[in-house]
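See below for the structure under consideration.
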Amino acid sequence: MSLQTHHLIVSVLLPIHRLGLFSYESTESVKIGNCVKVPFGSRSLWGIVWALHAPQVPNLKKIIEVYPYWSASSMFLLFLRQCSEYTLIPLGSLLRMVFPISEILEWPCQTFRCASSFSSVIQTCPWPGTFAQWVFMFGLKRVKKWIQEANLVSVEIHHDYNYTSPILTKHQKEALEKIGFQTTFIEGITGSGKTEICLAYIQPIILEKKQILILVPEISLCQQWVHRVQKYYSGNIGIWHSELSAKERKFQAWSILTGSTSIIVGARSAIFLGYKNLGAIIVDEEHDGSYKQAEGPAYHGRDMAVFRGYHEKIPCLLLSATPSLESFWNIEQKRYTHVALSQRYGNAQLPDIYMLDLKEQKLDSNMITLPLREALQKNLIKQEQSLLFINKRGYASLWVCYHCGFRAACQNCNVWLSIHYLPKSVLLCHYCGFKKPLPKTCPECHNLEQVKLWGVGVEKIGQEVQSFLPNAKICILSSDVCYTPRQLNETLLAIKNQEYDILIGTQLVAKGHHFPNLTLVGIIDGDFALSHLDLRSGERLYQVLCQVIGRAGRGVIPGKAYIQTSQTKHPLFSYLQSHNIQGFLQEELSTRKKYHFPPYVRLISLTLSGIDENTVHHYALSLKNHLPHESWVEVLGPAPSLINPLRRRWRWRIFLKSPKHYKIQDYIRTALHTFSLPSKIRLHIDVDPYDFL
DNA sequence: AGCACGCCGACT
DNA sequence: GTCGGCGTGCTC
């Protein structure tokens with residue numbers, strides 16, 4: 001053996017789904033956290049040095065290149081490790097989210113001062129903007145050539161910006177003082193000034209040249225935060241979400257990595273990105289279910305934000321008017337600092353809530369009860385806007401021929417197809433997106449007289465309103481009508497400009513938009529989620545109703561809300577009427593405690609899926625039998641999913657329940673270590689699942 | 001995940 | 001006789 005074997009063998013984490021850690025020889029000195037380019041099969045990949053010792057393996061290869069400008073801090077690596085241990089997402093899969101586009105590591109990292117602030121550069125270099133912006137606009141090759149021509153290769157990174165703090169009221173200042181060093185929950189109804197407190201709080205952090213990450217539950221809310229931030233901040237604002245184009249993604253990831261953007265507004269996946277120096281994390285609308293990613297690697301954005309804040313020793317602020325049960329519990333357990341804002345900004349009143357019993361009303365085939373009709377009419381006369389909420393897209397949810405009994409069903413899922421007229425007439429599956437032209441006659445018996453449409457969606461409500469208020473200008477708001485963020489923003493602007501009298505919308509309208517002239521809210525189906533099949537349904541309904549009702553009366557005029565339901569006596573509504581969130585959450589918590597459900601226990605779901613029903617069932621049973629018996633683990637199932645098949649795949653689920661202080665993740669990891677599945681069968685692990693069906 | 005290798009149907 | 005279907009297996 002040669003004497004040069006003192007070259008280190010290091011363990012490199014690669015963005016590979018299954019395992020992830022591979023041994024490489026390093027000829028130059030590397031540290032843990034360095035980004036390195038390594039040969040892998042017939043290609044080369046970027047990875048992170050995970051450990052400075054690794055097992056000797058045959059065919060050991062050398063590291064090609066070490067990235068000199070950025071490396072993962074030990075705190076960041078600890079964060080990744082905890083994420084992986086908690087969510088059971090393999091480290092390799094996690095790294096794919098950290099390095100969404102690893103090619104940016106090939107870009108040179110030097111950049112220029114903004115032309116406006118560095119006159120000597122202006123003379124030799126006629127292009128304004130930062131390096132990244134030029135690359136974004138003109139392409140790397142051209143910019144590189146320009147740099148060589150201008151001889152400017154080693155100018156240092158420098159960013160100039162101003163940040164002024166918003167002016168706070170006395171109450172807001174008091175709240176600001178209470179924010180702790182780590183996770184703080186800021187609870188306050190819409191309009192209580194949570195945003196301003198946050199924007200004031202981050203000022204010193206921004207001035208220390210650290211980055212701020214603002215997480216939002218939905219892409220459409222990014223732009224809103226950008227506008228808020230721009231009032232006080234003159235620098236670059238980063239955006240991160242799944243709908244960025246490939247070009248934009250590269251530009252944004254590069255700007256975030258190099259620190260050329262100091263404030264980043266992003267959807268949940270932004271929590272895993274590599275930052276230059278993250279200084280604080282803000283999670284807006286903390287309770288929102290959209291933070292939970294259920295498809296692909298399952299994780300909860302808010303929980304990951306808390307983990308990251310903890311490991312990087314930076315503050316994490318959770319904001320909500322209607323805390324999630326988990327957070328409410330964590331506040332009670334004194335895990336989070338709690339800051340409550342009670343006053344609504346500028347004296348706006350909370351809306352009065354009226355219950356309408358669907359059982360007492362004679363509706364015929366209509367969905368809107370008489371009192372709500374009258375209220376809509378009055379509001380129209382007063383020239384004030386109204387909002388009707390119904391949580392169903394499309395026109396109707398079942399196409400049925402009464403002559404032969406034919407019902408239009410999805411080819412891939414065990415569901416009926418919904419009828420949509422907007423933006424185009426079509427039969428649509430809400431689960432897989434399958435589309436079919438709307439039949440003119442029954443495909444089975446060719447009859448056309450006896451076709452019936454069952455179920456009620458936004459479009460049908462729109463039709464009903466138009467029938468009794470023919471002069472009202474109606475706007476239908478659903479993801480089908482506004483399918484791009486731009487379209488949605490345009491529509492929202494039109495609403496603010498009073499171009500519509502009555503809005504009819506799905507979940508989409510519930511999220512953080514301010515319409516000053518909106519004074520009436522009607523909930524069409526106030527019991528759509530009150531099933532006992534799903535333990536979170538009550539919590540979700542409460543949150544969504546709170547949010548929709550919060551749309552009313554945000555200006556100077558007090559608002560009113562009508563809730564149509566067949567369960568007027570349900571305790572949820574009395575808490576809602578008295579605006580007593582605490583009471584509602586307390587009661588929900590005690591139910592969860594009684595039935596041994598989260599947050600009192602840990603719940604994990606294992607879902608097996610595949611094309612062939614029997615094979616999936618077979619492997620689900622054998623997985624269950626493979627799980628060792630432990631007194632502290634309760635194994636439920638396997639049970640078939642409610643919608644089976646879904647996207648042509650059959651799914652069987654196993655649920656595991658254990659007390660929280662046991663490491664059930666370790667139990668599962670070891671159990672799965674000795675369990676193998678054929679490649680046709682997929683296993684999906686979800687820690688703290690949101691759905692049970 | 002990619003990208004190989006590998007073993008069976010319709011074409012110049 | 002080939003071209004190519006995607007089944008399974010490996011990548012330090």
Would you mind reading off the distance between A:Leu677 atom CG and C:dG7 atom C1', rounded to a whole angstrom? 17 Å
Nearest-Å distance, CG (A:Asn59) to P (C:dC12)? 6 Å
Classify the ring geometry between A:Tyr69 and A:Tyr67 as parallel (under 30°), tilted (30 to 60°) or perpendicular (over 60°). perpendicular
Would you mind reading off the distance between A:His17 atom NE2 and C:dG9 atom C1', rounded to a whole angstrom? 17 Å
Measure the acute angle between the ring planes of A:His300 and A:Tyr690, then classify it against the limits of 30° and 60° as parallel, tilted or perpendicular. tilted
Using 30° and 60° as the class boundaries, would you call the ring planes of A:Trp652 and A:His617 parallel, tilted or perpendicular? parallel
A:Asp688/A:Lys292 ion pair, N-O < 4.0 Å: no
Find the distance A:Trp46:CH2 to C:dT11:C1' and express it as a whole number of Å. 19 Å
What contact category does A:Pro39 fall into here, base, sugar-phosphate, or nothing, at under 4.0 angstrom with non-hydrogen atoms? sugar-phosphate
Using a 4.0 Å cut-off to any heavy atom of chain A, which nucleotides of DNA chain B are the first and last in contact, reading 5' to 3'? B:dA1 to B:dC3
Touch check for A:Tyr24, heavy atoms < 4.0 angstrom, all strands: base, sugar-phosphate only, or nothing? sugar-phosphate
So do the side chains of A:Tyr310 and A:Gln182 get within less than 4.5 Å of each other, counting heavy atoms only? yes
Should A:Arg669 and A:Glu85 count as an ion pair when the cut-off is N to O under 4.0 Å? no
Return the value, rounded to whole Å, for the distance between atom CD1 of A:Ile16 and atom C1' of C:dT11. 8 Å
Between C:dT11 atom P and A:Leu45 atom CG, what is the distance in whole Å? 14 Å
Distance check needed: C:dT11 P versus A:Leu60 CG, whole Å only. 13 Å
In whole Å, what is the span from the CG atom of A:Leu14 to the C1' atom of C:dT11? 9 Å
